[in-house]
Amino acid sequence: MATYGGGNVTEAGLWLEPVGRVESPLTNAGTAPLQGDEGSPEAWLVFEERVRDGIRDLRPGTEVLVLTWLDRARRDVLTVHPRGDLDRPEQGVFSTRSPHRPNPIGLHRVEVVSIDGLRLRVRNLEALDGTPVLDVKPVLDPGTER
């Protein structure tokens, strides 16, 4: 195993360790909204104790980007009909928001509603219950430094 910039790379590929998981009433991809702002219920991001210091400065009202591992997605998909609409022409997966892709990393812009220890209640998250959380980053307004 080699280390590059803090990441672990093995002959089998890149190794990532989730920092938490999603707790959500959404359990079925077929009935879940396609995007977070399309009727998703509030959900919780539940973090591991080892990353407590990493979330300490997040506050209610803050917008963050949540990166997830879409663990139930297919990884062999390179073309899709956008939004699953067969009347739309097929496109390369990298020009869509399809969860099915070679590396199914989800990107979700959410708002922190409340915080309870290692749990952040968020709105606009369409990820399914149990989805691994890889990272959280603040949404930066133009000209903001962090």
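Here the structure is a predicted model, which means the values were calculated and not measured.
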A.B. asks: So, does Arg75 use its side chain to make a donor-acceptor pair with the main chain of Pro102 at under 3.5 Å?
C.D. replies: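 A pair under 3.5 Å: yes.
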A.B. asks: Could you state the interatomic distance from CD (Glu63) to CG (Asn124), rounded to the nearest 0.5 Å?
C.D. replies: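 If we round to the nearest 0.5 Å, Glu63:CD and Asn124:CG are 8.5 Å apart.
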A.B. asks: Search all heavy atoms of Pro82 against all heavy atoms of Pro89 and return the closest pair with its distance.
C.D. replies: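 That closest heavy-atom pairing would be CD-O, 3.3 Å.
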A.B. asks: Between atom OG1 of Thr68 and atom CG of Leu134, what is the distance when rounded to the nearest 0.5 Å?
C.D. replies: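 Between atom OG1 of Thr68 and atom CG of Leu134 there are 6.5 Å.
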A.B. asks: Return the NE2 to CZ distance between His81 and Arg88, rounded to the nearest 0.5 Å.
C.D. replies: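 Spacing of NE2 (His81) from CZ (Arg88) equals 11.0 Å.
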A.B. asks: Any heavy-atom pair between the side chains of Arg119 and Glu23 that's under 4.5 Å?
C.D. replies: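 Answer yes - side chains close enough.
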A.B. asks: Could you walk me through whether Val122 and Val113 satisfy the side chain to side chain contact (heavy atoms under 4.5 Å, CB included) test, starting with their C-alpha distance in whole Å, then the side-chain angles of each, then the deciding distance to 0.1 Å, before giving a yes or no?
C.D. replies: CA-CA 5 Å; Val122 298; Val113 175; 5.6 Å; no
A.B. asks: Hey, could you give me the CG/CZ distance between Leu70 and Arg101, rounded to the nearest 0.5 Å?
C.D. replies: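 Reported value, rounded in 0.5 Å steps: 8.5 Å.
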A.B. asks: Rounded to the nearest 0.5 Å, what separates atom CD in Glu90 from atom CG in Leu78?
C.D. replies: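 The distance works out to 10.0 Å.
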A.B. asks: Of all the heavy-atom pairs spanning Leu118 and Glu48, show the shortest one and how long it is.
C.D. replies: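 Looking at all heavy atoms of both residues, the closest pair is CD2-O, 4.0 Å.
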A.B. asks: Is the shortest side-chain heavy-atom distance between Trp44 and Ser24 below 4.5 Å?
C.D. replies: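 Trp44 does not reach Ser24 side chain to side chain.
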A.B. asks: Say whether, by atom type as modelled, one donor and one acceptor occur between the side chain of Asp85 and the main chain of Asp87 under 3.5 angstrom.
C.D. replies: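 Side chain of Asp85 to backbone of Asp87: a pair is present.
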A.B. asks: I need the minimum non-hydrogen distance between Pro41 and Pro25, along with the two atoms involved.
C.D. replies: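 Looking at all heavy atoms of both residues, the shortest contact is CG-CG, 3.5 Å.
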A.B. asks: Decide whether Val46 and Trp69 are clustered together by the hydrophobic rule: side chain heavy atoms of Ile, Leu, Val, Met, Phe, Trp, Tyr closer than 4.5 Å, transitively.
C.D. replies: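 In one cluster: no.
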A.B. asks: Kindly indicate whether the side chain of Asp116, heavy atoms from C-beta on, has any atom under 4.5 Å from the side chain of Arg121.
C.D. replies: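 Sidechains of Arg121 and Asp116: no contact.
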A.B. asks: Side chains of Leu67 and Val133: does their closest heavy-atom pair fall under 4.5 Å?
C.D. replies: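 The answer is no; the side chains never approach within 4.5 Å.
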A.B. asks: So, applying side chain to side chain contact (heavy atoms under 4.5 Å, CB included) with Val110, which one of Val64, Leu120, Val136, Leu65 is it?
C.D. replies: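 Only one option passes, and that is Val64.
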A.B. asks: Identify the two heavy atoms, one from Asp135 and one from Lys137, that lie closest to each other, and give their separation to 0.1 Å.
C.D. replies: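 Where Asp135 meets Lys137 most closely, the heavy atoms are OD2-CE, 3.5 Å.
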A.B. asks: Using every non-hydrogen atom in the two residues, find where Gly130 and Asp71 come nearest and quote the distance to one decimal.
C.D. replies: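 So the two residues come closest at O-OD2, 4.5 Å.
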A.B. asks: Could you walk me through whether Thr131 and Arg72 pass the side chain to side chain contact (heavy atoms under 4.5 Å, CB included) test, one step at a time?
C.D. replies: CA-CA 8 Å; Thr131 298; Arg72 283 154 270 196; 3.3 Å; yes
A.B. asks: Shared ILVMFWY cluster between Val139 and Leu107, side chains joined below 4.5 angstrom?
C.D. replies: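 Hydrophobic grouping puts Val139 with Leu107.
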A.B. asks: Name the one of Leu58, Val22, Ile115 that satisfies side chain to side chain contact (heavy atoms under 4.5 Å, CB included) with Leu45?
C.D. replies: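 Testing each of Leu58, Val22, Ile115 against Leu45, the sole residue satisfying side chain to side chain contact (heavy atoms under 4.5 Å, CB included) is Val22.
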A.B. asks: Do Val93 and His100 have side chains that approach each other closer than 4.5 Å (heavy atoms only, starting at C-beta)?
C.D. replies: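 A side-chain contact under 4.5 Å is absent here.
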A.B. asks: To the nearest 0.5 angstrom, please state how far the CD atom of Glu126 sits from the CZ atom of Arg97.
C.D. replies: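 Those atoms lie 7.0 Å apart.
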